[in-house]
Each structure stands twice: as C-alpha cells, then as structure tokens.
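One structure is given here, and the rest of the page talks about it.
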Amino acid sequence: MTPRQVELVQASWKSMLPIRDTFAEIFYGKLFSLDARLAPLFKGDMTDQGRSLAAMISIAARGLAQPETIAQALRGLGSRHAAYGVKDKDYETFAVALLWTLAHAMDEAFTEELAQAWTAACGALAKAMTIGDPGASTRRARD
C-alpha cells in the first residue's frame with residue numbers, strides 16, 4: 001500500500017467510528033446476504049460482534065503504516081478464523097461487504113481512490129491473516 005492509501009483508509013475509518021454500531025449492523029446484513037453460509041459462524045450477540053469488528057478494523061487501520069507491528073496479531077486472528085470454518089474465499093466476500101458498506105455509509109465521499117485504498121488494505125490484511133493459517137494452501141487447492 002502507498003502512504004496515500006494508508007492515510008485514506010485511516011481517515012475514512014475514523015469518520016465511521018461515530019456510527020460503528022449501525023455500520024456493523026449494515027455490514028453483517030450485507031455479508032449474510034452475499035453468503036448466508038457465513039451467518040452460523042457468528043455466535044452470540046451481534047452487537048458485541050459488531051463492536052469487535054469495529055475494534056479489529058481500527059487496529060488494522062492504525063497498523064497499515066507499519067504492518068510488522070500487527071503481523072503476529074493478524075496471523076493469530078487468521079488461525080482463529082480458520083478454526084471457526086472461515087475459508088480463503090470468505091475474505092473476498094468480507095471485502096465486498098466492507099466496501100459496499102463503506103460506499104453506502106459515505107455516499108459521494110467514497111471516491112474511486114478511496115475504494116482502491118480499501119481494496120488494497122483488505123488484500124494486505126487477508127494475506128497476512130492467511131499466512132497464519134497452516135491449512136490455507138490446502139483449502140486454496142480445494143476451494
């Protein structure tokens with residue numbers, strides 16, 4: 001990611017924090033509409049899940065400028081997601097839902113440049129998370 005892309009992701013995510021609960025609710029609605037198979041992976045209170053999502057995105061966005069500072073945490077998160085049943089293709093579905101939700105929330109402020117920055121961020125984060133998943137290469141071949 002370029003420094004400009006990092007800056008765009010960080011600034012735009014800060015603008016989402018005041019509406020993070022609504023953002024998460026819309027995000028999960030979109031995610032489950034894209035792939036209903038993912039809904040059972042989320043156990044417990046969805047408000048709490050949404051707050052965890054917002055916290056995770058906040059940490060990831062802050063760490064984009066220095067990815068080595070969050071690499072270990074992302075690998076661990078990826079391993080936990082794999083244990084829950086998350087597949088490599090699910091990261092793509094996550095990215096589609098996230099981009100759609102950002103575009104919906106930001107409306108005209110969600111420019112092509114911002115979309116490209118978020119796409120790069122999602123790709124970098126997914127790559128870091130699947131590095132921590134020892135079954136990822138096997139699933140890639142199978143999926």
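Counting from 1, the numbers follow the sequence of the chain as shown.
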Over all atoms of both residues, closest heavy-atom pair of Ala128 and Leu74 = CB-CD1, 3.7 Å
Value rounded to 0.5 Å, distance of OG1 in Thr130 from CG in Asp88 = 5.5 Å
Carboxylate-amine/guanidinium proximity below 4.0 Å for Glu92 and Lys89 | no
Give a yes or no answer on whether the side chain of His104 reaches the backbone of Trp100 with a donor-acceptor pair at less than 3.5 Å.
-> no
Honestly curious: do Val96 and Tyr91 fall in one hydrophobic cluster under the side-chain, below-4.5 Å linking rule?
-> no
In terms of hydrophobic clusters joined by side-chain contacts under 4.5 Å, are Leu34 and Leu41 together?
-> no
Identify the heavy atoms of Leu114 and Ala109 that sit nearest to each other, and give their distance.
-> CD2-O, 3.7 Å
Kindly give the heavy-atom pair with the smallest separation between Arg37 and Gly85, and that separation in Å.
-> NH1-O, 4.4 Å
Closest approach of Lys43 to Pro40 (non-hydrogen atoms, all atoms of both residues) | NZ-O, 2.7 Å
Using the rule that two of Ile, Leu, Val, Met, Phe, Trp, Tyr join whenever any of their side-chain heavy atoms come within less than 4.5 Å, decide whether Ile70 and Leu53 are in one cluster.
-> yes
Shared ILVMFWY cluster between Phe94 and Met1, side chains joined below 4.5 angstrom?
-> yes
Which residues, ordered by chain and number, are linked to Tyr84 in its hydrophobic cluster, where ILVMFWY side chains connect at heavy-atom gaps below 4.5 Å, directly or through other members?
-> none
Path from Phe42 to Met129 over hydrophobic side-chain contacts below 4.5 Å = yes
Could you check Leu102 against Phe27 for side chain to side chain contact (heavy atoms under 4.5 Å, CB included), going step by step and ending with a plain yes or no?
-> CA-CA 9 Å; Leu102 288 163; Phe27 166 80; over 6 Å; no
Side chain to side chain contact (heavy atoms under 4.5 Å, CB included) between Leu125 and Leu64, worked out = CA-CA 9 Å; Leu125 295 170; Leu64 287 173; 4.3 Å; yes
Passes side chain to side chain contact (heavy atoms under 4.5 Å, CB included), Phe110 versus Leu99? Steps please.
-> CA-CA 9 Å; Phe110 195 71; Leu99 291 169; 4.0 Å; yes
Rounding to 0.5 Å, atoms CD1 (Ile59) and CH2 (Trp13) come to a distance of 11.5 Å
Test log, rule side chain to side chain contact (heavy atoms under 4.5 Å, CB included), inputs Thr93 and Phe32 = CA-CA 9 Å; Thr93 307; Phe32 301 151; over 6 Å; no
Check: Arg51 side chain, Asp48 main-chain N or O, donor-acceptor pair, under 3.5 Å = no
Rounded to the nearest 0.5 Å, what separation is found between the CG atom of Asp90 and the CG atom of Leu31?
-> 8.5 Å
In terms of heavy-atom contacts, does CD of Gln49 have more than 12 from other residues, nucleotides or ligands at under 6.0 Å?
-> yes
Kindly compute the distance separating NZ (Lys87) from CG (Leu38), expressed to the nearest 0.5 Å.
-> 10.0 Å
Nearest heavy-atom neighbours spanning Ala121 and Val9 = CB-CG2, 4.1 Å
Taking every non-hydrogen atom, the tightest pair across Ser58 and Leu17 | OG-CD2, 3.5 Å
Measure the spacing between CD of Glu25 and CE of Met46 and express it to the nearest 0.5 Å.
-> 9.5 Å
Kindly compute the distance separating CE (Met106) from OG1 (Thr111), expressed to the nearest 0.5 Å.
-> 7.5 Å
